[in-house]
Amino acid sequence: AQSVTQPDIHITVSEGASLELRCNYSYGATPYLFWYVQSPGQGLQLLLKYFSGDTLVQGIKGFEAEFKRSQSSFNLRKPSVHWSDAAEYFCAVGLGGSNYKLTFGKGTLLTVNP
Amino acid sequence: DAGVTQSPTHLIKTRGQQVTLRCSPKSGHDTVSWYQQALGQGPQFIFQYYEEEERQRGNFPDRFSGHQYPNYSSELNVNALLLGDSALYLCASSLNQGAQPQHFGDGTRLSIL
């Protein structure tokens, strides 16, 4: 069965520092790949997506992610973190063609120190 | 352009009761998916509706059922509520046209006493 692993449950960075959140997936083919962000008490906001093509994708709020097929990874990066980036981040894979369902990782909670 | 809207925002029920949660998809979307997010976990897929039919289903019991209306809005019904059904229920909508992202609402927080 497909699975998504986010190895880091909680990450703390200082404001202005760079950020990388890890995501690995287990699936035989290349799935659709997503990163979502969730603020406390809120729903999920789509940061970026990968369907095909260029393996480096740009998203909103200055985030980017790189798909590495050989490593089955889709890590999220940001060069300079802002205090407002503190939230929970979820990696998700979509399987089943255009009728895909999303399988999520357990999330990484990001804390930003001033 | 309204996004995905869900109602109610919060709901408190007791064990054994039934509940109905509602979702209006983003304008232009025709597909609705429901997810359950337990505290401290990632969302889990419940089912997906398209053209008023359940198209896919996750590993949830028959107590969970749904409906989609001609205007694409959707309901999630849960019968015989258990304490373990306490969670945030998220609705996501998308357009059934090639590869399209799913957009989420803010969810309904369901608490079972």
Side-chain angles (χ1 to χ4, degrees), chain A residues 1-10 21 23-25 29-54 57-60 65 67 74 87-109, chain B residues 2-7 9-10 21 23-26 29-51 53-60 66 87-111:
Chain A
Q2 64 276 3
S3 64
V4 179
T5 302
Q6 294 182 246
D8 304 304
I9 297 173
H10 187 191
L21 302 182
C23 173
N24 293 94
Y25 65 91
T30 300
Y32 301 146
L33 297 162
F34 307 84
W35 276 97
Y36 286 88
V37 61
Q38 186 176 38
S39 297
Q42 301 294 311
L44 302 173
Q45 182 182 22
L46 178 67
L47 284 177
L48 47 77
K49 62 187 183 295
Y50 174 79
F51 288 136
S52 65
D54 192 346
V57 294
Q58 302 297 320
I60 62 171
F67 167 56
F74 189 57
E88 186 136 31
Y89 291 78
F90 292 95
C91 179
V93 300
L95 306 166
S98 60
N99 305 340
Y100 66 89
K101 65 174 186 178
L102 287 171
T103 298
F104 286 85
K106 292 188 175 181
T108 297
L109 179 64
Chain B
V4 180
T5 58
Q6 293 186 243
S7 63
T9 305
H10 295 89
L21 311 182
C23 172
S24 292
K26 184 176 179 178
H29 287 183
D30 56 10
T31 302
V32 173
S33 302
W34 287 91
Y35 294 81
Q36 180 196 65
Q37 185 179 20
L39 201 60
Q41 300 295 316
Q44 284 196 298
F45 176 76
I46 303 175
F47 44 53
Q48 184 181 87
Y49 275 84
Y50 173 69
E51 292 188 336
E53 291 192 358
E54 182 183 293
R55 183 160 66 175
Q56 286 193 82
R57 189 178 183 92
N59 188 27
F60 279 81
L88 180 67
Y89 288 85
L90 295 163
C91 172
S93 73
S94 56
L95 178 62
N96 185 60
Q97 189 176 70
Q100 298 290 336
Q102 293 183 15
H103 295 263
F104 285 79
D106 284 340
T108 294
R109 173 69 64 187
L110 176 62
S111 299

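Just so it is clear, the values below take in all heavy atoms, side chains as well, and ignore hydrogens, waters and symmetry mates. Just so it is clear: chains get the letters A, B, ... in the order the sequence lines come, proteins before strands, and each one is counted from 1.
Interface residue A:Leu44: backbone and side-chain heavy atoms are both found under 4.5 Å from chain B. Contact annotation for A:Lys49: only side-chain heavy atoms (C-beta onward) come within less than 4.5 Å of a heavy atom of chain B. Using a 4.5 Å cut-off between heavy atoms, B:Phe47 makes no contact with chain A at all. For A:Gln6, no part sits under 4.5 Å from any heavy atom of chain B, backbone or side chain.
For the atom pair B:Tyr49 OH and B:Arg57 CZ, the distance stands at 7.0 Å (nearest 0.5 Å). Here the straight-line distance linking atom CG of A:Leu48 with atom CZ of A:Phe74 works out to 5.0 Å at 0.5 Å rounding.
Ring geometry for B:Tyr35 versus A:Phe104: interplanar angle over 60°, hence perpendicular rather than tilted (30 to 60°).
Of all the listed residues (B:Gln41, B:Gln6, B:Gln44, B:Gln102), the one sharing the greatest number of non-hydrogen pairs under 4.5 Å with chain A is B:Gln102. Most heavy-atom pairs under 4.5 Å with chain A, from the set B:Gly107, B:Ala92, B:Gly58, B:Pro101: that is B:Pro101.
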* **side chain to side chain donor-acceptor pair (under 3.5 Å) assessment of B:Gln37 paired with A:Gln38** => CA-CA 12 Å; B:Gln37 185 179 20; A:Gln38 186 176 38; 2.9 Å; yes

* Asked: Run the ring pair (Phe, Tyr, Trp, His ring centres under 6.0 Å) check on A:Tyr36 and A:Phe90 step by step: do they pass?
  -> CA-CA 5 Å; A:Tyr36 286 88; A:Phe90 292 95; 8.7 Å; no

